[in-house]
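All values below were derived from every heavy atom in this structure, side-chain atoms included, with hydrogens, water molecules and symmetry-related copies excluded.
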Amino acid sequence: MYENEKKSERIDDLLSHNLRIIQSDEVFSFSMDAVLLARFAGIPLQRGKILDLCTGNGVVPILLTTRTKASIEGIEIQPRLADMARRSVSLNGLEDAIEIREGDLRELVQITGHGAYDAITVNPPYMPLNGSDIKLNPHQAIARHEVNCTLEEVIQACSRLVRNGGKVSMVHRPQRLAEIISLMRSYSLEPKRIRFVHPRIHMEANMVLIEAMRDGKPEVRLLPPLIVYQEDGNYTQEIREIYGEVSKEDSV
């Protein structure tokens, strides 16, 4: 299956964790937003169940295994990508830690029941559907645009699937933050932590990380901004730590 499409694939090293990931520029390649989400997310460290929605090639679940011993699931609606994710999990020998489901996140609650997960991560399609989407590769269109699920449907699914007091972590575009907060609150997800990501210190944010709690009390923390590049074009110390280029001890 997918033998012709596999010709476009490559296997890349995944940061400095001795992990590897199957990628394809024609189908799906992870970017910094997935890495930052995996680092930002509030997750149980020893026990519990974690779910990654819109999992793509499985990059977030694979990265989460470096932080937790909890069981992790990922769900992906595209059969091609779900297959890539399963093979990436197998490539790293993580079959006992990660389960990849192929399916529609809007229907998952019918299988798992309400409140089945302690924590949920999601890197959803950023762009509302518009007429230009048909010009994209179908795989890319679904990953980037709200073809198969809207932002509201993603947040509704999170609310149904996470337990009371559980956490939902999302990465998205700052332009939609007001909409995200409004929708989260309408589905009983109370924003708790927000962090803006800026390409450079004097530039506007181009990503936002947001964590909400199911049925939490109204109280939100705005964390210090995360700056990606120094003025010389190199990664900042914090980004280098996230990518594993230096140890935390080196930054003290």
Side-chain angles (χ1 to χ4, degrees), residues 31 33-34 36-43 49-56 60-61 64 73-78 101 103-133 141-198 204-223 225-226:
S31 53
D33 51 3
L36 298 183
L37 175 63
R39 179 65 172 261
F40 172 82
I43 57 173
K49 295 179 66 177
I50 302 169
L51 173 67
D52 182 51
L53 302 178
C54 309
T55 202
V60 172
L64 288 178
E73 297 176 23
I75 184 167
E76 172 56 48
I77 196 169
Q78 296 193 64
R101 297 176 181 263
D104 191 327
L105 61 83
R106 297 169 296 186
E107 301 171 357
L108 182 58
V109 70
Q110 300 172 19
I111 301 171
T112 65
H114 289 259
Y117 298 93
D118 300 286
I120 295 176
T121 56
V122 59
N123 182 2
Y126 291 156
M127 308 297 292
L129 192 62
N130 59 57
S132 65
D133 300 339
I142 291 171
R144 298 176 186 175
H145 298 264
E146 295 176 352
V147 175
N148 287 325
C149 60
T150 64
L151 178 59
E152 181 170 4
E153 288 171 332
V154 169
I155 291 173
Q156 182 185 53
C158 289
S159 178
R160 290 173 173 173
L161 291 163
V162 75
R163 66 169 176 80
N164 289 348
K167 297 178 180 179
V168 174
S169 300
M170 175 185 290
V171 61
H172 216 291
R173 293 288 183 244
Q175 296 91 326
R176 302 191 70 181
L177 180 58
E179 182 183 4
I180 292 168
I181 292 174
S182 177
L183 286 170
M184 282 183 165
R185 283 185 157 169
S186 71
Y187 286 101
S188 302
L189 295 171
E190 186 62 35
K192 287 293 186 179
R193 293 191 300 139
I194 297 174
R195 191 174 195 188
F196 292 99
V197 182
H198 301 252
E204 289 186 6
N206 62 353
M207 284 183 272
V208 63
L209 296 156
I210 181 167
E211 179 186 271
M213 179 181 291
R214 183 72 162 86
D215 293 323
K217 295 180 180 180
E219 182 181 7
V220 62
R221 295 168 53 207
L222 293 179
L223 304 181
L226 175 56

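- Residues passing the salt bridge (charged side-chain N to carboxylate O under 4.0 Å, His left out) test with R160, sequence neighbours excluded: none.
- Formation of a donor-acceptor pair under 3.5 Å by the R214 side chain with backbone atoms of S159 is found in this model.
- Summarising the geometry, atom SG belonging to C149 is positioned 8.5 Å from atom CG belonging to L53; distances are rounded to the nearest 0.5 Å.
- Side-chain contact between V162 and L189 is present, with heavy atoms from C-beta onward closer than 4.5 Å.
- Every residue was checked against the side chain to side chain donor-acceptor pair (under 3.5 Å) condition with S169, not counting sequence neighbours, and none meets it.
- We find the CE-CD1 distance between M170 and I194 to be 12.0 Å, quoted to the nearest 0.5 Å.
- Taking all atoms of both residues into account, the shortest heavy-atom contact from A212 to M184 is CB-SD, 3.7 Å.
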Run the side-chain contact (heavy atoms from CB on, under 4.5 Å) test on I43 and K167 for me, step by step, so that the C-alpha distance in whole Å, both residues' side-chain angles and the decisive distance to 0.1 Å come before the verdict.
CA-CA 7 Å; I43 57 173; K167 297 178 180 179; over 6 Å; no
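- Side-chain atoms of F40 and L223, non-hydrogen and from C-beta on, do get closer than 4.5 Å to each other.
- Closest non-hydrogen pair, V220 versus P191, comes out as CB-O, 3.7 Å.
- Two residues are said to be in side-chain contact when any heavy atoms from C-beta on lie closer than 4.5 Å; R101 and T112 meet this criterion.
- Smallest separation of non-hydrogen atoms from P124 and V171: CD-O, 3.4 Å.
- Annotation: side chain of E73 is not in contact with side chain of P61 (no heavy-atom distance under 4.5 Å).
- Between the side chain of E153 and the main chain of T150, a donor-acceptor pair closer than 3.5 Å is present.
- Side-chain N or O atoms of D215 include none that pairs as donor or acceptor with a backbone N or O of G165 at under 3.5 Å.
- Every pair passing salt bridge (charged side-chain N to carboxylate O under 4.0 Å, His left out) that includes a residue from residues 181-194 is listed here, sequence neighbours excluded: R185-E190, R193-E211.
- Using a 4.5 Å cut-off on side-chain heavy atoms (C-beta onward), Y187 and C158 make no contact.
- Contact record, H172 with P125: NE2-O, 3.6 Å, taken as the closest heavy-atom pair.
- One distance of note links CD1 of I75 with CG of D104; it measures 7.0 Å at 0.5 Å rounding.
- Residue I50 comes nearest to Y117 through the heavy atom pair C-CD2, 4.0 Å, listed as atom of the first residue, atom of the second, then distance.
- Rounding to the nearest 0.5 Å places CG of L209 at 12.0 Å from CZ of R39.
- Counting only heavy atoms from C-beta outward, the side chains of T121 and N123 never approach each other to under 4.5 Å.
- Side-chain atoms of D52 and L64, non-hydrogen and from C-beta on, never get closer than 4.5 Å to each other.
- Distance check, rounded to the nearest 0.5 Å: CZ of R163 to CE of M213 gives 8.5 Å.
- A distance of 12.0 Å separates OG in S186 from CD1 in I181, rounded to the nearest 0.5 Å.
- Contact check for I180 versus L151: side-chain heavy atoms found under the 4.5 Å cut-off.
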